[in-house]
Amino acid sequence: MSASKRVAVVTGANKGIGYAIVRGLCKQFDGDVILTGRSESRGQEAIKQLNGEGLKPLFHQLDLDDVASIDRLKTFLQTTYSGLDILVNNAGIAFKMAATEPFAVQAEITVATNFWGTLNVCKKLFPLLRPHARVVNVSSGASNMAAKKCSSALNAKFLTPDLDVAKVEQMMTEFVNSAKDGTFQKKGWCESAYGCSKIGVTLLSFAQQKEFDNDSRPDIIVNACCPGYVDTDMSSHKGTRTIDEGADTPIYLSLLPENASSPKGKFLRDRKVLSWP
Ligand SMILES: NC(=O)c1ccc[n+]([C@@H]2O[C@H](COP(=O)([O-])OP(=O)(O)OC[C@H]3O[C@@H](n4cnc5c(N)ncnc54)[C@H](OP(=O)(O)O)[C@@H]3O)[C@@H](O)[C@H]2O)c1
């Protein structure tokens, strides 16, 4: 493999929306597409299915909750491609409505994967991004809904003009700590572990674009998006969209042309920028 060959990475891609993002990128992206998943066997099974459609993604193990696993992916990308052109942070979890775990447990586990896991992948892989790279953070409309249920004081913090990654990290730490000591509502948060974790993902995207705007590598763009309500395991197959419909906006954002002036550091659904929250 040539060290300068272009490469795309999709997280949580052995099933659901991530799987469809890989399928779409295999058809539209001029480079290798790496399907990642935390389970080697589920990942290889997904590769086999896509091979059956004549598509040739590659598999690499990646568990967002395991820093050593992120390091191994980084080393693989560095040695094989010397860089990264597309990163789709799609992997995520959500407790079911009927889950019996206490809110504090749900908050800690959900934020650990959806926010800290995604952030750790970004921190490790961003140094590999080449000029014109595209990053897509798959967030959710649940982030808007949750933010609207949070206090106006918290909303002012979400929208502060000097928002940066450290401030978003601090907010997520405060959310989980307050879920643990039972003060989360007093501190302005709402009772949605998933929604609040995705507030973190959306705000992170806004803050990351500010960093890219000051990066010496030109034209790196990050956006957050909602795939819509999609028929996957996460939605208990109640979602009304197919996985390919859910993958449409993430793929569109992954393939924004060189030097696109917009969207940049925005939150989108159906290829349209939405005001947030
Ligand atoms: N479905 C919807 O209606 C909807 C709506 C809005 C936003 N979203 C977002 O869209 C994204 C994809 O969701 P989906 O509906 O496709 O869900 P899904 O079918 O449950 O797939 C989730 C994927 O994430 C992976 N994953 C979970 N934890 C991981 C970890 N620690 N490390 C690596 N991979 C991990 C899963 O792997 P395993 O197979 O190993 O569990 C799976 O591949 C998520 O970020 C979700 O929040 C979905």
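The first residue of the sequence shown is numbered 1, and numbering continues consecutively from there. Whatever order the structure lists ligands and atoms in, that order sets their numbers, starting from 1.
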In the protein, which heavy atom is nearest to [atom], and how far is it?
atom: atom 38 (P) of ligand 1; answer: Arg38 NE, 3.6 Å
atom: atom 47 (O) of ligand 1; answer: Tyr194 OH, 2.6 Å
atom: atom 18 (P) of ligand 1; answer: Lys15 CE, 3.8 Å
atom: atom 45 (O) of ligand 1; answer: Asn90 O, 2.7 Å
atom: atom 17 (O) of ligand 1; answer: Met234 CB, 3.4 Å
atom: atom 19 (O) of ligand 1; answer: Thr232 CB, 3.5 Å
atom: atom 23 (C) of ligand 1; answer: Gly12 O, 3.5 Å
atom: atom 37 (O) of ligand 1; answer: Asn14 OD1, 3.5 Å

Should the pair [X]-[Y] be classified as a salt bridge under the 4.0 Å nitrogen-to-oxygen rule?
X: Asp85; Y: Arg134; value: no
X: Lys48; Y: Glu45; value: yes
X: Arg271; Y: Asp248; value: yes
X: Asp231; Y: Arg241; value: no
X: Asp233; Y: Lys15; value: yes

**Asked** Please walk me through it: do Ser143 and Trp276 pass side-chain hydrogen bond (donor to acceptor under 3.5 Å, both in side chains)?
**Response** CA-CA 9 Å; Ser143 72; Trp276 194 90; 3.2 Å; yes
**Partner of Val136 by side-chain contact (heavy atoms from CB on, under 4.5 Å), out of Leu256, Leu255, Leu253, Asn223** =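 Testing each of Leu256, Leu255, Leu253, Asn223 against Val136, the sole residue satisfying side-chain contact (heavy atoms from CB on, under 4.5 Å) is Leu253.
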Region of [X] that comes within reach of ligand 1 [heavy atoms, distance under 4.0 Å]:
X: Leu64; result: both
X: Ala91; result: both
X: Leu62; result: backbone
X: Arg241; result: neither

I'd like to check whether [X] has a polar contact with ligand 1, where a contact means an N/O of the residue lying under 3.5 Å from an N/O of the ligand.
X: Val230; answer: yes
X: Lys198; answer: yes
X: Ile17; answer: yes

**Prompt:** Rounded to the nearest 0.5 Å, how far apart are SG of Cys190 and CD1 of Ile199?
**Reply:**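 The SG atom of Cys190 sits 6.0 Å away from the CD1 atom of Ile199.
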**Complete:** Output for pair (Thr160 OG1, Phe206 CZ), nearest 0.5 Å, gives 13.0 Å
**Message:** Checking Thr36 against Val9 for the side-chain contact (heavy atoms from CB on, under 4.5 Å) test, could you report, in this order, the C-alpha distance in whole Å, the side-chain angles of both residues, the deciding distance, and whether it holds?
**Reply:** CA-CA 7 Å; Thr36 70; Val9 166; 4.0 Å; yes
Ligand-residue contact atoms, ligand 1 with [X], heavy atoms, under 4.0 Å:
X: Thr113; answer: 28 (N), 31 (N)
X: Val138; answer: 9 (C), 10 (O), 11 (C), 45 (O)
X: Asp233; answer: 19 (O)
X: Ser139; answer: 7 (C), 9 (C)
X: Asp65; answer: 31 (N)
X: Gly92; answer: 22 (C), 24 (O), 27 (C), 45 (O)
X: Tyr229; answer: 3 (O)
X: Arg42; answer: 38 (P), 39 (O), 40 (O)

**Asked** Do you know which two heavy atoms are closest between Asn51 and Pro57, and how far apart they sit?
**Response** ND2-CD, 4.2 Å
Could a heavy atom of [X] be found less than 4.0 Å from some atom of ligand 1?
X: Gly228; result: yes
X: Thr11; result: no
X: Ala94; result: no
X: Pro227; result: yes

**Item:** Criterion side-chain contact (heavy atoms from CB on, under 4.5 Å) on Asn137 and Gln208, from CA distance to verdict
**Value:** CA-CA 11 Å; Asn137 294 330; Gln208 288 172 330; 3.0 Å; yes
**Full working for side-chain contact (heavy atoms from CB on, under 4.5 Å) between Leu203 and Met171** = CA-CA 10 Å; Leu203 294 180; Met171 283 185 227; 4.0 Å; yes
**Prompt:** Do other residues, nucleotides or ligands put more than 12 heavy atoms under 6.0 Å from Gln78 CD?
**Reply:**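 More than 12 within 6.0 Å, yes.
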**Request:** Give a yes or no on whether Lys157 atom NZ has more than 12 heavy-atom contacts from other residues, nucleotides or ligands under 6.0 Å away.
**Result:**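 No - once you tally the heavy atoms of other residues, nucleotides and ligands closer than 6.0 Å, there are 12 at most.
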**Request:** Take Gln185 and Glu191, measure what side-chain contact (heavy atoms from CB on, under 4.5 Å) needs, and give me the verdict at the end.
**Result:** CA-CA 7 Å; Gln185 279 161 323; Glu191 196 168 0; 3.8 Å; yes
